[in-house]
**Q** 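Can you keep this structure in mind? I'll have questions shortly.
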Amino acid sequence: MKLIGCLLLISGWLIVLAALVMLQTLVQRGAFIAAGVGTEILGLVLLTNAYTAQQRRQK
Amino acid sequence: MNPASINLALILPLILLTPLTSAGLALIHQGLGRSRSAAHAMLATLCSLAVAAIFFTLIGNHWAGYPSGPSHTLQIAATQWNWLGSLPLASSANSANPASSAANALPALSLVLQVFTVGLAAIIPLSAGTDRWRLAPICVATAVFSAFVYPLMAHWAWASGWLSQLAANFHLASFQDFGGAAVIQVPGGLMALSVAWILGPRRGKYSAGQATAIPGHNIVQVLFGCLLALIGFIALESAASLLFSNSTPEQIPALILNAILSASAGCLAAVLTTQIRYRKPDASISANGWVAGLVAGSAGCQWVSPPAAILIGSIAGLLTTYLVEILELRLLVDDPGGAISVHAASGLWGLLAFSIFTIQPGNSHLNHILAQLIGIATLVGIFLPLIHGANLLINRFLPYRTDRDGDWQGMDIRELGSGAYPEFVIHADEFVPR
């Protein structure tokens, strides 16, 4: 879970970079950047959940 | 900035006042921890500042560079990506050619200011590791952070890196961070999150399925630290926006006003929220609200209007109040000083809010918001995994957390051999009638 969370964070950033390199119009770029940020949020949620579950087990 | 326009008489005093930010944060962190780890907290702050200064000067400044300085670029799809600075290792702050001192002043001033700002970023996570993070791993983590992590964002946002060149290369607005929200505060806050995850909560924090409140031991120091931090933040933001952006000395009064307004709004929002929720204002959360307002305001500095500064600060104060509770009660993250909410969350909010409340000349509002979102995505998407990976690696060889005895004895006795307040004991004879 932690590894997948970290990979999703990096993937989100790569989507944002890809939007800059490959797309030209503002709307397309906006959609891709939003998708990248969404992917990062998903990664952050996964990472947070993994650590919360770990703390719960240790409590 | 144009090197010829550098006003040394103005910038040098501003740089010299910048360490007051670190002094303020040190008092806040120390006061919010327990008395049995107070000396350790202050020594850890000093050691972090020392390690950060040395490693940034020797290695980090090489990658960080300065505006329009030498850099490593990569050409992708006919676009130049400026990824890293390429100054000589261990470069000096002396002017190479005294005859052209104005032209040489920018690299030297950039190095001197960043020796302080990297230290500030490095002490932010100490707050999340209070009462359980050992001194040796603190020094190693600070060295790695100062040499390899901080310089990346410093170059990308402040030293003509790819984020500051979005307008020229991609026809967007440029990512902007005038006072260090992205370069200093958010990386420091993300480091705090990573450290809190790795260390786990203090022993006794969660018992019988309930979170136990462990109040700070000196709230007067915490509140005094807020006042010191205000002066330091104003100096830091002024120096950074003069050196790394196209700001002019005439804009400094607006910057000072906005810093005070956003800090005030953050503090008052926290006072009101805690008054409504707990029937009494909470001094430690209100102090966090003050700093959160400063952090959020540091992204836009003088470029937002005073009403916008108040709104940005008050939302940062509200965000901090609720996030401290969510982290502690729902996500089981024990962050005694609230560094994650104050520096990471408020810093990210400040970066976004700057684009919401201002319009860059010649750019649409959406362009500006997208540019700031790219910066935010970079901070969360690459810096959090980078920082967390480095911390996990260091923790594997040099365990971050003190042992069980250290948890109960306090870090002062465990690591330093004596307490911060040796006279701070109750003597039975003081209560005997004379």
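Just so you know, these numbers come straight off a predicted model, no measurement behind them. Proteins come first, then strands; the chains are lettered A, B, ... in the order of their sequence lines, and each starts at number 1.
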**Q** Out of V37(A), T39(A), L26(A), return the one with the most heavy atom pairs under 4.5 angstrom to chain B.
**A** L26(A)

**Q** Under 4.5 Å from any heavy atom of chain A, what part of L386(B) do you find: side chain, backbone, both or neither?
**A** neither

**Q** Checking T79(B) against chain A: side chain, backbone, both or neither under 4.5 Å from a heavy atom?
**A** neither

**Q** Less than 4.5 Å to any heavy atom of chain B: does that hold for the side chain of I10(A), its backbone, both, or neither?
**A** both

**Q** Take atom OH in Y400(B); do more than 12 heavy atoms of anything else shown fall under 6.0 Å from it?
**A** yes

**Q** Under a 4.5 Å heavy-atom cut-off, does chain B meet the side chain of L14(A), its backbone, both or neither?
**A** neither

**Q** Kindly give the heavy-atom pair with the smallest separation between L370(B) and G30(A), and that separation in Å.
**A** CD2-CA, 3.7 Å

**Q** Search all heavy atoms of R56(A) against all heavy atoms of R330(B) and return the closest pair with its distance.
**A** NH2-O, 3.4 Å

**Q** Got more than 12 heavy atoms from elsewhere within 6.0 Å of CE, M1(A)?
**A** yes

**Q** Restricting to non-hydrogen atoms, name the atom on C6(A) and the atom on P385(B) that form the minimum distance, rounded to 0.1 Å.
**A** O-CG, 4.1 Å

**Q** Between P201(B) and Q55(A), what is the shortest heavy-atom contact and its length?
**A** CD-OE1, 3.2 Å

**Q** Would you check if V21(A) and W81(B) make a side-chain contact, meaning some heavy-atom pair closer than 4.5 Å?
**A** yes

**Q** Less than 4.5 Å to any heavy atom of chain A: does that hold for the side chain of L327(B), its backbone, both, or neither?
**A** neither

**Q** Ignoring hydrogens, what is the shortest heavy-atom contact between E40(A) and I376(B)? Give both atom names and the distance.
**A** OE1-O, 4.4 Å

**Q** Quick one: sort the H388(B) and Y51(A) rings into parallel, tilted or perpendicular, breaks at 30° and 60°.
**A** perpendicular

**Q** Please determine whether the number of non-hydrogen atoms from other residues, nucleotides or ligands lying under 6.0 Å from atom CH2 of W349(B) exceeds 12.
**A** yes

**Q** State, yes or no, whether a side-chain contact exists between L172(B) and L20(A) at a heavy-atom distance under 4.5 Å.
**A** yes

**Q** Give the minimum heavy-atom separation between T52(A) and L331(B), together with the two atoms involved.
**A** OG1-O, 3.4 Å

**Q** Which of the residues L44(A), L47(A), L7(A), N49(A) is involved in the greatest number of heavy-atom pairs with chain B at under 4.5 angstrom?
**A** L47(A)

